[in-house]
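Below is one structure, written out as C-alpha cells; comments come after it.
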Amino acid sequence: MKDFKKSVIYQIYPKSFKDSNGDGIGDLKGVIEKLPYLKQLGIDYIWLTPFYVSPQKDNGYDVADYYRIDEKFGTMADFEELVREGRKLDIEIMLDMVFNHTSTEHSWFKRAMAGEEKYKNYYIIAEPKNGGEPTNWLSKFGGSAWEYIKECNEYYLHLFDVTQADLNWKNKELRQEIFEIVKFWIGKGVKGFRLDVINLVAKPDDYKNDDRGDGRRFYTDGPNIHDYLKEFNRETFGKQADVITVGEMSSTSIENCIRYSAPQEQELSMVFSFHHLKVDYKGGDKWSVMDFDFKQLIQILNLWQVEMQEGNGWNALFWCNHDQPRIVSRFGDDEKYHNKSAKMLATVMHMMRGTPYIYQGEEVGMTNPYFDKIELHRDIESINYYEIAKQQGQNKQQIMRVLQSKSRDNSRTPMQWDTSANAGFTTGTPWISLSENYPNINVEANLRDRNSIYYYYQQLIQLRKDYDIIAYGKYKPLVADHEKIFAYMREYKNQKLLVINNFYGQETKFQCPIDIDEYNHKILISNYADSASYSKEIVIRPYEAVVYHLEK
Ligand code: NOJ
C-alpha cells in the first residue's frame, strides 16, 4: 500500500493534457499514452479534474451526471484501461468530486424545477425577502448568489455560476446519493478523491444578510461540516485503508484544517488551503496587479507548517493548479531566471512537511500565456470579471493586465509536449490557444537537457522516496525576517535538513544559526551545479536553492 506522506501527486487537467483524436480537446486516451512519461517523472498518483458528463460551463465543475464520462473525454472502457495501465506502473488514480453543487442540467435539478418535492429538497431553495433575493450573498464568480425561479416564486442558491446549483447537505437522502457515487468509483479501482470546495457544503439553518461581507462567513467551515465529513468517511472511503482524500478548503482556518486532516478525527487525509496564494492580492482583491509580499508569504507558510504539525494535521503542498496562474510567472522570473527560479520554487514546496502536488506543465516550467485579447479567454470567471469591470467603466487594457496576472486560463493552456504544431497537444484546433513560448519550453527539450527543470523535479521526487526525513521530519522555521531568503529545517532521528532559498534575482548574504561543521554534511540537491559547501556566512546567488543533509 502506498504511503501518502511519501507520495507525490500529479494533477491532470484532461482538457489540456493530450488530445488523442484530433478534436482539439484532451482526453483519457491521451492520458494513457503519456503514462510512461509520468512514470519516468516518478509520481505516485494522478489527480484527474472532472471528466463527467457536463455542459462545461465551468470546465466540468458543473456535473450533469456523476456516473458517466463525457464523450469528449472518452468512454468508461478508456477509464478502466487507464486504471489498469496506471496500476501496472504503480500509478493510482485520484478523482475530483464536486458535491457542493451540480450543474442545472443534472436530472435532480431538472426534476426539482419540475416541482418534484423530493428533488427540491436536494437543493437550497429559499423564499424571497422583501420581494427580492433572500440575502445579499454574492457568487464567487460575480453577481448575486441567488437565482429566481419563476415557476414557484422562490430562489435557488449558487455560490458559483448560475448553472451550478448548491446542494442541500442537510438532507440525508442527498448525502446517501453522494456516498453511492463515491462507492461506485471506488468499485472502479479509484484510490483517491479530491473533494471540491468541500468546506462550503454545510450551510447555516437560516439565511441572513451579511453586513460584513458576501456571505462566506456563514457557510465557510459551516455548521455540522465535521459531522458530515465523519459520516462521509465512515460510509465510503474510510472503509478502504488504501483510499486517500484531499479536501479543497476555501478561505478556511488552521483550526478547522487540523480537524479535517488529523488521523484521529477520521475525516480526510489532507487539505488544500490557499492563504499563501493571496499574497499578491492588493487589499485582498484577487483582481489586482501587485508584486507578491515575500514576508507575508514566508509568515503564512511557516504558520501553516508549524501549527498543522502541532495539531497532527497534514497539508497538501502546492503552488499551481487549474485555478492559479503559473508559479514561475508569479513568484519567480519567467525570463532571465526561468530555469533557476522554477527549481527554487519547487525546492521550497517539496522539502516542506506535507504531500506535494505538481500541476501538469509545472515540471517543465510552463509560464502564463499573457493573452492580450478577451476573445482568447475561455474561463467563465475571467469573462465575468471582464464584463463586470467593463460595465464599471474600467479601462480595457488595465482589465487585460489583471487577467494576464490572475486569470485561471493562465494555467489552462495546452500542455507543451514538443516543437511540432500545437506543441504536439492536438492535430486539430485546440479549444484554447497555446502559449507562444512552446518552441522553447516543452517536454521534449526538457528531456534532452540534463540540467532541465524536469530532471530537477524527478530528483526531488526520488529524494522523498530515499530520505524518510522529507516525509516524516519535524518542520522548524529559521530566520523568518530575511529580506530575500526563506530558510527552514527539518529534523528526524539523528538527521537534519537545512533548506535555503533565495526568492530574488540578486545575490544576498545569509548567516545561518546552525553550525553545520558540527555534522557530517552533504548537499542533497541544489539548482547551482557548484553550490558552496557551507561556511558561517555565505553568499546565496540569484534564485539559488540548496538543501543540506546533516547527520550526527
Ligand atoms: C474549485 C475548482 O477548483 C474550480 O475550478 C471550480 O470553478 C470551483 N471549485 C467550483 O466548482
Side-chain angles (χ1 to χ4, degrees), residues 14-15 48-73 76 95-126 134 137 139-141 143-149 151-152 154-185 190 193-203 207 215 219 222 224-225 228-229 231-232 235-236 247-248 250 322-323 379-381 384:
K15 205 165 184 176
L48 289 168
T49 61
F51 51 50
Y52 320 101
V53 172
S54 157
Q56 298 284 321
K57 297 275 192 239
D58 187 20
N59 279 349
Y61 284 92
D62 47 328
V63 180
D65 186 340
Y66 293 96
Y67 290 99
R68 282 172 41 233
I69 293 175
D70 201 304
E71 56 187 21
K72 292 182 202 61
F73 296 117
M76 191 57 86
L95 289 193
D96 206 323
M97 290 289 164
V98 191
F99 293 137
N100 177 66
H101 44 265
T102 69
S103 162
T104 49
E105 297 284 303
H106 195 290
S107 62
W108 298 340
F109 190 79
K110 289 188 178 157
R111 295 175 76 168
M113 290 304 104
E116 279 187 57
E117 221 32 58
K118 167 174 166 157
Y119 291 102
K120 275 183 87 175
N121 283 331
Y122 277 25
Y123 292 92
I124 298 181
I125 292 179
W137 297 6
S139 151
K140 289 170 189 283
F141 289 168
S144 167
W146 296 101
E147 182 70 8
Y148 186 59
I149 318 166
E151 292 72 19
C152 56
E154 283 171 310
Y155 285 81
Y156 72 85
L157 181 71
H158 61 91
L159 295 184
F160 294 89
D161 186 54
V162 62
T163 63
Q164 293 165 298
D166 279 48
L167 288 165
N168 175 19
W169 276 62
K170 277 182 221 130
N171 180 349
K172 170 105 186 160
E173 216 179 337
L174 180 264
R175 298 202 304 279
Q176 284 301 338
E177 293 258 19
I178 288 173
F179 301 159
E180 287 311 313
I181 295 165
V182 166
K183 286 191 252 177
F184 169 83
W185 288 105
V190 167
F193 294 98
R194 180 258 190 197
L195 303 172
D196 189 64
V197 289
I198 194 70
N199 69 324
L200 307 187
V201 303
K203 308 296 193 291
Y207 298 100
Y219 56 73
N224 301 327
I225 184 65
Y228 291 152
L229 288 178
E231 181 189 48
F232 199 171
E235 300 238 351
T236 65
E248 187 202 23
S250 170
H322 62 290
D323 295 330
D379 170 30
I380 187 163
E381 186 199 40
N384 285 355

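One is the number of the first residue; the rest follow in order along the sequence.
- Partner Y156 forms a ring-ring contact (aromatic ring centres under 6.0 Å, His included) with one of Y148, F109, W108 and no other, that one being F109.
- Heavy-atom minimum distance, A126 versus P134: CB-CG, 3.8 Å.
- The heavy-atom pair separating T104 from A165 by the smallest distance is CG2-CB, 4.3 Å.
- Once rounded to the nearest 0.5 Å, the distance linking OH of Y228 with NZ of K170 reads 6.5 Å.
- Residues L159 and H101 fail the side-chain proximity criterion, which asks for heavy atoms closer than 4.5 Å.
- Side-chain contact, Y123 with T102: a donor N or O sits under 3.5 Å from an acceptor N or O.
- By the 30° and 60° cut-offs, the orientation of the rings of F160 relative to F141 is perpendicular.
- S103 contributes atom OG, which lies 14.5 Å from atom OH of Y52 (distance to the nearest 0.5 angstrom).
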Step-by-step side-chain contact (heavy atoms from CB on, under 4.5 Å) determination, S139 to D161
CA-CA 7 Å; S139 151; D161 186 54; over 6 Å; no

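- Looking at every heavy atom in both residues, N121 comes nearest to N171 through O-ND2, 3.0 Å.
- Between Y122 and Y119, the ring planes lie perpendicular to each other; the angle is over 60°, past the 30° to 60° tilted range.
- The main-chain N or O of I124 is never found under 3.5 Å from a side-chain atom of N168 such that the two would form a donor-acceptor pair.
- Look at E154 and K120 and you find a salt bridge, because one of the NZ, NE, NH1 or NH2 atoms lies within 4.0 Å of a carboxylate O, short of that distance.
- Remark: the D96 side chain and the Y61 side chain contain an N/O donor-acceptor pair separated by less than 3.5 Å.
- Side chain of D65 to backbone of V53: no donor-acceptor contact under 3.5 angstrom is found.
- Aromatic rings of H106 and Y66 (six-membered ring for Trp) have centroids within the 6.0 Å cut-off, being under it.
- Around the NZ atom of K57, the shell of radius 6.0 Å holds no more than 12 heavy atoms that belong to other residues, nucleotides or ligands.
- For R194 and D196, the salt-bridge test passes: some basic side-chain N is under 4.0 Å from an acidic carboxylate O.
- Using modelled atom types, one side-chain atom of S54 and one backbone atom of D62 make a donor-acceptor pair closer than 3.5 Å.
- Closest of all the heavy-atom pairs between T49 and H322 is CG2-ND1, 4.1 Å.
- Rounded to the nearest 0.5 Å, atoms CG (N59) and CD1 (I380) are 9.0 Å apart.
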For I125 and Y155, what are the C-alpha separation, side-chain angles and deciding distance, and is it a side-chain contact (heavy atoms from CB on, under 4.5 Å)?
CA-CA 6 Å; I125 292 179; Y155 285 81; over 6 Å; no

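- For the residue pair N100 / K203, a side-chain donor-acceptor distance below 3.5 Å is found, with atom types taken as modelled.
- Side-chain contact, Q164 with D58: a donor N or O sits under 3.5 Å from an acceptor N or O.
- Aromatic ring pairs are classed by plane angle as parallel below 30°, tilted from 30° to 60° and perpendicular above 60°; the pair Y207 and W137 is perpendicular.
- Y67 and F184 have perpendicular rings, their planes meeting at more than 60° on a 0 to 90° scale where under 30° would count as parallel.
- What you find for L200 and K140 is that their closest heavy atoms are CD1-CE, 3.7 Å.
- Residues V98 and P50 form a side-chain contact, since some pair of their non-hydrogen atoms from C-beta on lies under 4.5 Å apart.
- Atoms CD and CZ, from E231 and R175 in turn, are 4.0 Å apart once rounded to the nearest 0.5 Å.
- Residues K72 and Q56 have side chains that never bring a donor and an acceptor to within less than 3.5 angstrom of each other.
- Once rounded to the nearest 0.5 Å, the distance linking CD1 of I178 with CG of L167 reads 5.5 Å.
- Rounding to the nearest 0.5 Å places CZ of F51 at 4.5 Å from CD1 of I69.
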In sequence, state the C-alpha distance, the side-chain angles, and the governing distance for F232 and W169, and then conclude on side-chain contact (heavy atoms from CB on, under 4.5 Å).
CA-CA 11 Å; F232 199 171; W169 276 62; 4.1 Å; yes

